[in-house]
Amino acid sequence: MDITAPRGTNDILPDEVGLWQHVEELVRNAAERAGYREIRTPIFEHTELFERGVGEATDIVEKEMYTFTDRGDRSITLRPEGTAPVVRALVERGLASMSQPAKVYYLGPMFRYERPQAGRYRQFHQFGLEVIGAPSPAADAEVIAVPLEVFRSLGIQDVIVNINSIGCPACRPAYRKLLQETYRPVLGKLCPSCVSRYDRNPLRLLDCKSEACRRALPEPPMILDILCPECRSHFDEVRRLLDGLNVEYAINPRLVRGLDYYTRTTFEYNVGGIGSQDAIGGGGRYDGLVEEVGGPPTPAVGVACGLERCVLAMRAMTGGEEYDAPIDIYFVALGEAAREKAFELAFDMRSCGISADFDMLDRGMKAQMRYAGKAGSRFVAIIGDNELAVESVMLKRMATGDQELVRQSEVAERILEARGGAAK
RNA sequence: GUGGAUGUAGCUCAGCUGGCUAGAGCAUCAGAUUGUGGCUCUGAGGGUCGUGGGUUCAAGUCCCAUCAUCCACCCCA
């Protein structure tokens with residue numbers, strides 16, 4: 001076997017796809033219950049969108065994008081995140097004429113050229129929510145709280161919510177300057193990446209995990225202490241709303257996120273048991289992004305959550321198995337004429353809304369029965385010369401083993417009846 | 001991009017300090033009185049031992065490179 005899946009990609013095989021569909025369904029339910037409507041944007045965009053939107057100095061743009069030149073000599077990039085494309089789509093398609101705020105959700109693959117490890121892949125999936133056109137703290141609080149409902153419904157326990165505010169263009173520059181002043185004396189002791197961040201984005205020094213930096217860095221001033229009055233009250237109000245929902249969270253003044261577009265609220269969800277990539281989601285407010293992408297000045301907030309990490313967390317908690325889709329009836333045919341009849345009957349069943357299958361390998365009865373059993377078939381209909389002669393079928397209920405002769409014209413009715421009577 | 005570990009059938013693994021035709025369990029397929037699944041028994045198919053070099057009379061077993069996986073750093077979902 002010399003042709004394999006590209007590094008960092010995964011195949012979701014039929015045995016596990018049920019779990020994924022289950023997760024996706026709960027995501028959609030929660031989002032739509034909260035008034036979000038789905039939006040689907042292209043998998044690739046002009047590179048410039050991410051350079052401007054996500055930020056030139058971010059790791060994502062600097063070294064993680066799948067960028068290529070297409071045959072028309074355009075620079076194209078596989079989307080590394082969902083927010084910039086969503087904003088671009090809404091701005092381009094007439095955000096101004098849409099009812100405000102625009103509340104949308106998305107669900108799909110993202111691409112980042114990173115070194116793969118548990119919970120980190122080059123093609124991965126995210127779902128996200130965006131509220132565009134709402135300055136209110138209620139939007140921040142909602143966007144933080146809705147994914148928590150998804151996590152709960154998935155059985156993911158003990159999610160830690162970290163929140164912070166990183167200020168706005170009115171108060172952040174002063175904070176940056178203050179940070180640079182406090183760090184200047186120890187510049188020589190910092191790790192190389194911190195030295196380079198010192199000028200470009202000193203906020204990032206706050207969350208450096210390197211031991212050396214941890215020791216060298218003096219206790220930094222906290223931005224929460226010097227937020228402008230507007231940012232301060234916005235943050236307090238977000239907290240008050242979360243308290244009202246009984247959402248537990250930790251205020252983490254060191255929480256800085258790696259995308260340049262954030263303003264004010266930032267937050268992250270963490271869980272244990274899935275390895276070092278323990279952030280299952282994160283987001284924040286991005287009041288400047290719409291304008292950056294060419295729209296009118298518009299406040300906005302959003303979240304994004306990693307589905308692979310959610311699935312990992314589910315498996316860590318419960319095992320997350322058992323999402324098979326058993327079929328209703330399997331036709332076991334003996335002989336040429338019976339096979340033809342089974343084929344037709346299977347299609348009859350399907351047109352009645354019943355899931356039905358039949359053997360197409362010309363196998364013996366035993367093999368057909370085994371296949372039906374493994375497929376989780378609720379009923380098996382056996383057709384041989386005896387049944388053909390009386391236009392019937394030997395209908396067997398697999399769970400009990402009971403069987404009886406049923407006219408072919410009445411099989412569908414029987415199945416529907418049995419299904420209606422059952423729990424589901 | 002950096003460091004560490006690992007890489008034998010579809011899956012989980014065994015294979016001692018290099019030595020004959022490379023094994024097990026599970027899975028798959030086929031049989032076990034001729035028309036009946038899940039249990040049991042029997043048998044079969046399936047591996048250029050990740051790939052490419054090298055050392056050696058001889059390499060799955062040693063060395064180098066490369067690719068991949070996992071873990072940590074980094075970053076984030």
Side-chain angles (χ1 to χ4, degrees), chain A residues 1-10 13 15 54 58-64 79-83 106-128 147 191-194 197 204 207-213 255-259 266-271 274-283 302-313 330-335 338 359 361 363-388 394-403:
Chain A
M1 173 122 31
D2 50 355
I3 180 152
T4 58
R7 183 159 202 210
T9 63
N10 291 300
L13 298 173
D15 280 348
V54 176
T58 59
D59 280 12
I60 292 178
V61 171
E62 273 184 344
K63 48 191 190 192
E64 295 176 1
R79 64 179 186 197
E81 59 103 47
T83 300
Y106 59 85
L107 184 58
M110 305 293 163
F111 306 84
R112 257 121 98 159
Y113 191 89
E114 291 192 271
R115 186 100 176 239
Q117 73 186 61
R120 189 167 78 186
Y121 310 99
R122 290 183 174 178
Q123 175 174 339
F124 60 101
H125 298 79
Q126 287 186 329
F127 76 88
C191 71
S193 72
C194 279
R197 283 174 187 155
R204 299 294 303 285
D207 68 348
C208 183
K209 281 107 189 164
S210 125
E211 264 306 307
C213 292
L255 178 66
V256 177
R257 313 207 71 245
L259 290 76
T266 59
F267 59 92
E268 221 170 84
Y269 310 101
N270 300 88
V271 290
I274 63 170
S276 68
Q277 304 303 317
D278 64 350
I280 59 175
V303 226
C305 300
L307 294 184
E308 281 80 2
R309 290 185 188 175
C310 287
V311 169
L312 279 176
Y330 189 91
F331 288 91
V332 170
L334 306 157
D359 173 64
L361 290 180
R363 292 202 276 205
M365 179 170 198
K366 215 156 191 165
Q368 294 186 53
M369 288 299 297
R370 209 172 339 186
Y371 186 92
K374 230 164 292 179
S377 193
R378 284 180 263 264
F379 288 89
V380 153
I382 299 160
I383 313 176
D385 293 340
N386 302 342
E387 289 79 9
L388 273 182
M394 189 58 79
L395 189 65
K396 174 168 182 166
R397 184 191 286 272
M398 295 298 266
T400 60
D402 303 339
Q403 63 181 31

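Letters A, B, ... are given to chains in the order of the sequence lines, protein chains preceding strands, and every chain is numbered from 1. Note that this is a predicted model, so its numbers are computed, not measured.
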Please classify the nucleic acid contact of [X] as base, sugar-phosphate, or nothing, using heavy-atom distances under 4.0 Å.
X: A:Gln368; result: nothing
X: A:Ile280; result: sugar-phosphate
X: A:Arg309; result: base
X: A:Gly119; result: base
X: A:Glu308; result: nothing
X: A:Ala279; result: base
X: A:Gly401; result: base
X: A:Tyr121; result: base
X: A:Gly8; result: sugar-phosphate

| Is A:Asp385 side chain donor-acceptor paired with the B:G35 base, going by distance under 3.5 Å alone? | no
| Could one point to a donor on the side chain of A:Glu387 or the base of B:G35 with an acceptor on the other under 3.5 Å away? |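 Between B:G35 and A:Glu387, which were checked side chain against base, a qualifying N/O pair under 3.5 Å is present.
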What residues, two or more places apart in sequence or in another chain, satisfy side chain to side chain contact (heavy atoms under 4.5 Å, CB included) together with [X]?
X: A:Arg257; result: A:Tyr262, A:Thr266, A:Glu268
X: A:Glu308; result: A:Trp20, A:Tyr121, A:Phe124, A:His125
X: A:Thr9; result: A:Ala5, A:Pro6, A:Gln123

side-chain N/O [X] vs [N] OP1/OP2, d < 4.0 Å:
X: A:Arg257; N: B:C76; answer: no
X: A:Ser276; N: B:C73; answer: yes
X: A:Gln117; N: B:A72; answer: yes

Measure the distance from [atom1] on [X] to [atom2] on [N] and round it to the nearest whole Å.
X: A:Arg7; N: B:G1; atom1: CZ; atom2: P; result: 9 Å
X: A:Lys366; N: B:U28; atom1: NZ; atom2: P; result: 16 Å
X: A:His125; N: B:A77; atom1: NE2; atom2: C1'; result: 12 Å
X: A:Arg122; N: B:A77; atom1: CZ; atom2: P; result: 18 Å

Considering only the [atom1] atoms, how many Å lie between [N] and [M], rounded to the nearest integer?
N: B:A9; M: B:G47; atom1: P; result: 11 Å
N: B:A59; M: B:G50; atom1: C1'; result: 16 Å
N: B:U12; M: B:C76; atom1: P; result: 33 Å
N: B:G54; M: B:G18; atom1: C1'; result: 15 Å
N: B:C73; M: B:A14; atom1: C1'; result: 34 Å
N: B:G19; M: B:G37; atom1: C1'; result: 49 Å
N: B:G1; M: B:C16; atom1: C1'; result: 40 Å
N: B:A68; M: B:U51; atom1: C1'; result: 10 Å

| How long is the gap from CZ on A:Arg363 to CD on A:Gln368, to the nearest 0.5 Å? |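 It comes to 8.0 Å.
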| message | Nearest 0.5 angstrom please: A:Ile60 CD1 to A:Glu114 CD, how far? | response |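 Going from CD1 on A:Ile60 over to CD on A:Glu114, the span is 8.0 Å.
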Taking the side chain as C-beta and beyond, is there a heavy-atom pair between [X] and [Y] under 4.5 Å?
X: A:Arg309; Y: A:Gln126; value: no
X: A:Leu307; Y: A:Leu107; value: yes
X: A:Arg122; Y: A:Tyr113; value: yes
X: A:Arg115; Y: A:Arg7; value: yes

To the side chain of [X], which of [options] is closest?
X: A:Arg115; options: B:U2, B:G37, B:G35; answer: B:U2
X: A:Lys396; options: B:C76, B:C74, B:U36; answer: B:U36
X: A:Met369; options: B:C76, B:G1, B:U36; answer: B:U36
X: A:Met365; options: B:G37, B:G35, B:C73; answer: B:G35
X: A:Met398; options: B:G35, B:C76, B:G37; answer: B:G37
X: A:Ala118; options: B:C71, B:A30, B:C74; answer: B:C71
X: A:Pro116; options: B:A68, B:C70, B:A77; answer: B:C70
X: A:Arg120; options: B:C73, B:G35, B:C76; answer: B:C73

| said: I want to confirm an ordering. Mapping A:Arg363 and A:Gly281 to their closest nucleotides on RNA chain B, which one lands closer to the 5' end? | reply: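 In this pair, the answer is A:Arg363.
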| Is A:Arg120 reaching over with its side chain to a backbone N or O of A:Gly8, donor-acceptor style, under 3.5 angstrom? | no
| query | So, the side chain of A:Arg112 versus the backbone of A:Pro80: is there a donor-acceptor pair under 3.5 Å, distance only? | reply | yes
Show every donor-acceptor pair shorter than 3.5 Å between a side-chain atom in residues 371-384 of chain A and any protein atom, with sequence neighbours excluded, or say none if there are none.
from     : atom 1 : to       : atom 2 : distance (Å)
A:Ser377 : OG     : A:Tyr330 : N      : 3.3
A:Ser377 : OG     : A:Phe379 : O      : 2.7
A:Arg378 : NE     : A:Asp328 : OD1    : 3.2
A:Arg378 : NH2    : A:Asp328 : OD1    : 3.1

| query | Which residues within residues 373-381 of chain A lie with some heavy atom under 4.0 Å of an atom in RNA chain B? | reply |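 By residue number: A:Lys374.
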| field | Proximity of A:Tyr269 and A:Phe267 rings by center, below 6.0 Å | value |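 Yes, the ring of A:Tyr269 comes within the 6.0 Å limit of the ring of A:Phe267, centre to centre.
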| In what stems does RNA chain B take part, counting only runs of at least 3 consecutive Watson-Crick or G-U pairs whose two distances fall under 3.5 Å? | B:1-7 with B:67-73, B:10-13 with B:23-26, B:28-32 with B:40-44, B:50-54 with B:62-66
| said: Does the structure show A:Tyr371 stacking with B:G37, if we require the centres to be closer than 5.5 Å and the planes to be within less than 30 degrees of parallel? | reply: no
